[in-house]
Amino acid sequence: MKICESCFFFKNDADQYIYGCSYEPVGQAAEIGIIIVPPVGHERLRCFRESVNLARSLAEAGFAVLRFDYRGEGESYGEFADFDINSRLADIVSALQEFKRKFTVDEILLVGFRLGALFALKVAN
């Protein structure tokens with residue numbers, strides 16, 4: 001299945017930029033959305049290729065997908081040392097809000113890598 005891949009910046013409640021990439025099937029409305037929650041620090045680099053491949057594979061299977069970088073990491077606003085666990089949890093909430101603005105789906109799932117899995121669980125509860 002053909003997919004549309006788009007990278008962009010979105011703002012959080014503090015008006016700071018978060019980098020995200022969306023993936024969606026072309027010609028088919030997704031019913032389920034997935035946000036890929038990244039690990040933290042150097043582990044982000046170790047899982048980067050896997051998260052991109054996962055996002056593409058999920059979109060090819062008919063899901064709407066969003067990947068993002070926490071503030072202070074990757075292409076997002078700020079320096080790593082300026083952010084903590086609470087800011088990363090807030091970034092996941094911002095990603096959820098952006099996902100809801102971008103896609104219309106019946107259900108949104110969070111899929112986390114390494115420490116991102118724990119963060120996803122915390123936000124989901």
Side-chain angles (χ1 to χ4, degrees):
M1 171 179 293
K2 188 174 181 178
I3 65 171
C4 177
E5 184 174 328
S6 174
C7 294
F8 55 95
F9 288 93
F10 59 95
K11 289 185 177 182
N12 65 3
D13 291 341
D15 212 29
Q16 298 165 329
Y17 286 100
I18 297 173
Y19 179 77
C21 291
S22 64
Y23 306 79
E24 59 185 312
V26 173
Q28 174 185 343
E31 294 178 13
I32 297 175
I34 298 173
I35 297 176
I36 297 177
V37 182
V40 175
H42 73 277
E43 290 186 347
R44 176 188 160 276
L45 297 175
R46 294 179 189 263
C47 296
F48 180 78
R49 177 58 38 207
E50 290 80 3
S51 68
V52 171
N53 289 341
L54 177 61
R56 289 175 177 159
S57 294
L58 289 168
E60 288 171 356
F63 298 94
V65 182
L66 175 67
R67 284 187 316 105
F68 69 97
D69 291 340
Y70 300 112
R71 286 172 291 156
E73 298 194 42
E75 302 300 320
S76 291
Y77 167 87
E79 298 295 324
F80 183 83
D82 295 335
F83 299 98
D84 59 15
I85 291 172
N86 290 323
S87 66
R88 287 173 174 82
L89 296 174
D91 290 349
I92 298 169
V93 172
S94 294
L96 274 164
Q97 292 168 344
E98 180 63 22
F99 192 96
K100 290 174 183 177
R101 279 192 290 272
K102 194 163 190 60
F103 298 109
T104 303
V105 295
D106 297 330
E107 186 175 7
I108 301 172
L109 306 175
L110 299 174
V111 175
F113 279 83
R114 305 205 40 97
L115 187 56
L118 181 62
F119 290 168
L121 182 62
K122 176 75 173 157
V123 169
N125 284 327

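Numbers for residues simply follow the sequence, beginning at 1. The structure displayed is predicted, hence computed values, not measured ones.
- Both Val40 and Leu110 sit in one connected hydrophobic cluster of ILVMFWY residues. Membership requires side-chain heavy atoms under 4.5 Å apart, directly or through other members.
- For Arg114, the CZ atom counts as loosely surrounded, since its 6.0 Å shell holds 12 or fewer non-hydrogen atoms of other residues, nucleotides or ligands.
- Checking each of Lys102, Lys100, Arg101 against Glu98 for a salt bridge (Lys or Arg N to Asp or Glu O under 4.0 Å) leaves exactly one that passes, namely Arg101.
- Within 6.0 Å of the CD atom in Gln28, the count of heavy atoms belonging to other residues, nucleotides or ligands exceeds 12.
- Contact record, Glu75 with Phe9: O-CE2, 3.3 Å, taken as the closest heavy-atom pair.
- Nearest heavy-atom pair across Val105 and Ala30 is CG1-O, 3.5 Å.
- The number of heavy-atom neighbours closer than 6.0 Å to OH of Tyr19, taken from other residues, nucleotides and ligands shown, is above 12.
- Evaluated for a side-chain contact (heavy atoms from CB on, under 4.5 Å) with Val123, the options Leu96, Val37, Leu118, Asp91 yield exactly one hit, Leu96.
- Summarising the geometry, atom SG belonging to Cys47 is positioned 11.0 Å from atom CD1 belonging to Ile36; distances are rounded to the nearest 0.5 Å.
- Both Leu58 and Leu109 belong to a common hydrophobic cluster when Ile, Leu, Val, Met, Phe, Trp and Tyr are linked at side-chain heavy-atom distances under 4.5 angstrom.
- By the rule that hydrophobic residues join a cluster once side-chain heavy atoms approach within less than 4.5 Å of another member, Ile35 and Leu54 end up as members of separate clusters.
- Between Tyr70 and Phe68, the angle of the ring planes goes over 60°, which puts this pair in the perpendicular group of the 30/60° scheme.
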